[in-house]
Amino acid sequence: MERTYVMIKPDGVQRNLIGEIITRFERKGLKIVGLKMLQMDRAMAEKHYAEHTGKPFFEGLVSYITSGPVVAMVLEGKDVVATARAMNGATNPANAGPGTIRGDYAIEVGRNVIHASDSIDSANREIAIYFTENELCEYKKVLDDWIYE
Ligand code: DAT
Ligand code: MG
């Protein structure tokens, strides 16, 4: 089953959105297979956002993402990479539709509350930054048969 990396950013934690956001993914039917809170340091931020190194917003992005604890999670489900991206909404909350996390809870691109991997390759790379193999749980839920046919 496909996995993706999702992270509630420091503003999401500070704004008391942890429960709200996790609830959305749970209610969708996605399975949480890894979950923890951590404080990112600069090295971790540079690794996570390596593709954006040198861009005008990079320094602001690193300082924002290291400004407080984040909630890191791995979600599992059919097409979960695309599904989590769709649930998060557009990168700039101004373009994120209502009903998406960024559309409902954010205003500015530099405070957009949530991250999700943009491809299966990115997901594998990002999951490995935050989680060891034994921190990820493989388990069956009784509702699985009511979510998948
Ligand atoms: P996403 O988080 O939707 O995958 P991204 O990978 O293009 O978007 O960018 C990573 C983060 O960097 C994004 O969540 C917010 C910030 N960012 C992106 N483009 C930006 C811009 N033009 N100005 C300021 N911050 C930006
Ligand atoms: Mg991205």
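One-based numbering, in listed order, for ligands and for the atoms of each.
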**Request:** Taking atom types as modelled, find out whether E20 and Y105 have a side-chain donor-acceptor pair closer than 3.5 angstrom.
**Result:** yes

**Request:** Only one of N88, V13, I8 passes side chain to side chain contact (heavy atoms under 4.5 Å, CB included) with I21; say which it is.
**Result:** I8

**Message:** Would M1 and K31 count as a side chain to side chain contact (heavy atoms under 4.5 Å, CB included) here? Give the steps.
**Reply:** CA-CA 10 Å; M1 194 63 96; K31 189 183 287 179; over 6 Å; no

**Item:** Check: H115/Y5 side-chain N/O donor and acceptor closer than 3.5 Å
**Value:** no

**Message:** Quiz question: by atom type and distance under 3.5 Å, do the side chains of D79 and T83 form a donor-acceptor pair?
**Reply:** no

**Prompt:** Salt bridge between K47 and E126, side-chain N to carboxylate O under 4.0 Å?
**Reply:** no

Please tabulate, line by line, the atom pairs linking an N/O of ligand 1 to a protein N/O at a distance below 3.5 Å, with the distance in Å to 0.1, or answer 'none'.
| unit_1 | atom_1 | unit_2 | atom_2 | d |
| --- | --- | --- | --- | --- |
| ligand 1 | 2 (O) | R102 | NH2 | 3.2 |
| ligand 1 | 3 (O) | T91 | OG1 | 2.5 |
| ligand 1 | 3 (O) | R102 | NH1 | 3.2 |
| ligand 1 | 4 (O) | R85 | NH1 | 2.7 |
| ligand 1 | 6 (O) | H52 | NE2 | 2.9 |
| ligand 1 | 8 (O) | T91 | OG1 | 3.2 |
| ligand 1 | 9 (O) | H52 | NE2 | 3.3 |
| ligand 1 | 14 (O) | K9 | NZ | 3.0 |
| ligand 1 | 14 (O) | N112 | ND2 | 2.9 |

